[in-house]
Amino acid sequence: MGCKNSKISSANTAVLGVIQIMIGIYHVLMWYFLLLLYVGQIKGVFGTYEPLTYKMGTSLWGLTFVLSGAFTIKAAKYRSRFMLLCTMSLNILCIIVTIIAASLTIVELSHFRSVSYRNYGQAKLGREVSRILLCSYPLEFVVALTYSISGYAYLVKTQDENSESVTEVVEDN
């Protein structure tokens, strides 16, 4: 099987963790930017622009990316079975969060309710930020998927080595 033979070094694993942390911090900062942008809106004739992703705080979900990146770096230094399982679980959670956030962003960008003329610029800027965030979701998806596959391959490899050593001990007796 092709995935069974895949190997990723500890340094590369740490780089994946750092990338996840950077993406997570970027998403949190963009959510803060959107918070400042949308709080400053003036109540107009048509109301204020509050998109779905802002209301749900999807950029704030970047904290899961930060947490997963921290665990990935820790797992690169200390390769225990428990740490690998925790890190893989967090990366799978990041994959799910990424899919949900990207879906919500696509729904948000697919329709645009008219807002008052005063808030149009803020709404337009907020939509551009959502487009930029939409471009970063595939990167997080690929990073989390890469670590999950390589972590699984490592666990299978170590399990096969352990089962082989047990059979060798039994055969020797």
Side-chain angles (χ1 to χ4, degrees), residues 1-35 51-110 129-173:
M1 185 171 173
C3 290
K4 191 173 180 181
N5 296 327
S6 67
K7 184 176 179 182
I8 188 167
S9 69
S10 295
N12 290 339
T13 303
V15 168
L16 288 176
V18 169
I19 291 171
Q20 278 188 308
I21 290 172
M22 288 173 33
I23 292 171
I25 290 172
Y26 175 73
H27 279 259
V28 171
L29 290 176
M30 286 293 111
W31 186 83
Y32 183 71
F33 174 69
L34 289 174
L35 174 73
L52 180 64
T53 54
Y54 170 72
K55 287 180 182 178
M56 295 190 71
T58 54
S59 296
L60 197 56
W61 295 353
L63 293 174
T64 59
F65 304 155
V66 173
L67 184 64
S68 179
F71 269 78
T72 302
I73 292 171
K74 183 87 169 173
K77 291 182 182 179
Y78 307 105
R79 284 192 176 239
S80 69
R81 182 173 176 81
F82 178 73
M83 184 57 96
L84 284 172
L85 287 174
C86 287
T87 307
M88 282 178 50
S89 299
L90 280 171
N91 276 297
I92 291 169
L93 176 68
C94 283
I95 290 171
I96 293 168
V97 164
T98 301
I99 290 170
I100 292 170
S103 300
L104 289 173
T105 305
I106 289 170
V107 166
E108 172 194 324
L109 293 174
S110 65
V129 169
S130 294
R131 283 188 185 97
I132 292 170
L133 288 174
L134 186 62
C135 293
S136 68
Y137 289 129
L139 178 61
E140 174 59 33
F141 180 83
V142 167
V143 168
L145 186 65
T146 301
Y147 182 80
S148 297
I149 290 171
S150 65
Y152 176 75
Y154 181 78
L155 286 175
V156 169
K157 179 182 158 195
T158 56
Q159 185 177 3
D160 287 347
E161 289 173 357
N162 290 340
S163 65
E164 288 174 5
S165 63
V166 169
T167 55
E168 289 174 2
V169 170
V170 171
E171 289 175 356
D172 289 339
N173 290 333

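Being a predicted model, the structure only gives us computed values, none of them experimental. These numbers come from the heavy atoms of this one structure, side chains and all, not from hydrogens, waters or symmetry mates.
- Distance check, rounded to the nearest 0.5 Å: CZ of Phe141 to CD1 of Ile96 gives 10.5 Å.
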Exercise. Check step by step if side chain to side chain contact (heavy atoms under 4.5 Å, CB included) holds for Phe65 and Val28.
Key: CA-CA 10 Å; Phe65 304 155; Val28 171; over 6 Å; no
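- Rounded to the nearest 0.5 Å, atoms CZ (Phe71) and CG (Leu84) are 12.0 Å apart.
- Closest heavy-atom contact between Ser136 and His27: OG-NE2, 2.8 Å.
- Under the side-chain contact (heavy atoms from CB on, under 4.5 Å) criterion, Thr13 pairs with Ile8, Thr72, Ala76, Arg79, Tyr147, sequence neighbours left out.
- To the nearest 0.5 Å, atoms CG (Leu35) and CG (Leu29) are separated by 12.0 Å.
- Remark: the Ser130 side chain and the Glu108 side chain contain an N/O donor-acceptor pair separated by less than 3.5 Å.
- Of the possible donor and acceptor atoms, none in the side chain of Ser68 sits under 3.5 Å from a partner among the backbone N and O of Thr64.
- Between Cys94 atom SG and Leu145 atom CG the span is 12.0 Å, to the nearest 0.5 Å.
- Looking at residues two or more places apart in sequence or on another chain, you find a side-chain contact (heavy atoms from CB on, under 4.5 Å) between Ile19 and Val15, Ile23, Val143.
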Quiz item: Would Leu134 and Leu109 count as a side chain to side chain contact (heavy atoms under 4.5 Å, CB included) if you check the C-alpha gap in whole Å, the side-chain angles of each, and the deciding distance to 0.1 Å?
Solution: CA-CA 10 Å; Leu134 186 62; Leu109 293 174; 4.1 Å; yes
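- Under the side chain to side chain contact (heavy atoms under 4.5 Å, CB included) test applied with Trp61, the options Thr98, Ile100, Leu93 reduce to a single match, Ile100.
- Between the OH atom in Tyr78 and the OG1 atom in Thr87 there is a gap of 13.5 Å [rounded to 0.5 Å].
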Practice problem: Output, in order, the C-alpha distance, side-chain angles, deciding distance and verdict of side chain to side chain contact (heavy atoms under 4.5 Å, CB included) for Tyr137 and Ile106. | Solution: CA-CA 11 Å; Tyr137 289 129; Ile106 289 170; over 6 Å; no
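- Rounding to the nearest 0.5 Å gives a distance of 7.0 Å between CG of Leu16 and OG of Ser150.
- Taking 4.5 Å as the limit, some side-chain heavy atom of Met88 sits within range of a side-chain heavy atom of Leu155.
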Self-check item: Gln20 vs Asn91, side chain to side chain contact (heavy atoms under 4.5 Å, CB included): CA-CA, chis, key distance, verdict
Solution: CA-CA 10 Å; Gln20 278 188 308; Asn91 276 297; 2.8 Å; yes
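- Between Thr58 and Leu104, the closest heavy-atom pair is CG2-CD1, 3.7 Å.
- For Ile95 against Ser148, the heavy-atom pair with the smallest separation is CD1-OG, 4.2 Å.
- Smallest separation of non-hydrogen atoms from Ala14 and Ile73: O-CG1, 3.8 Å.
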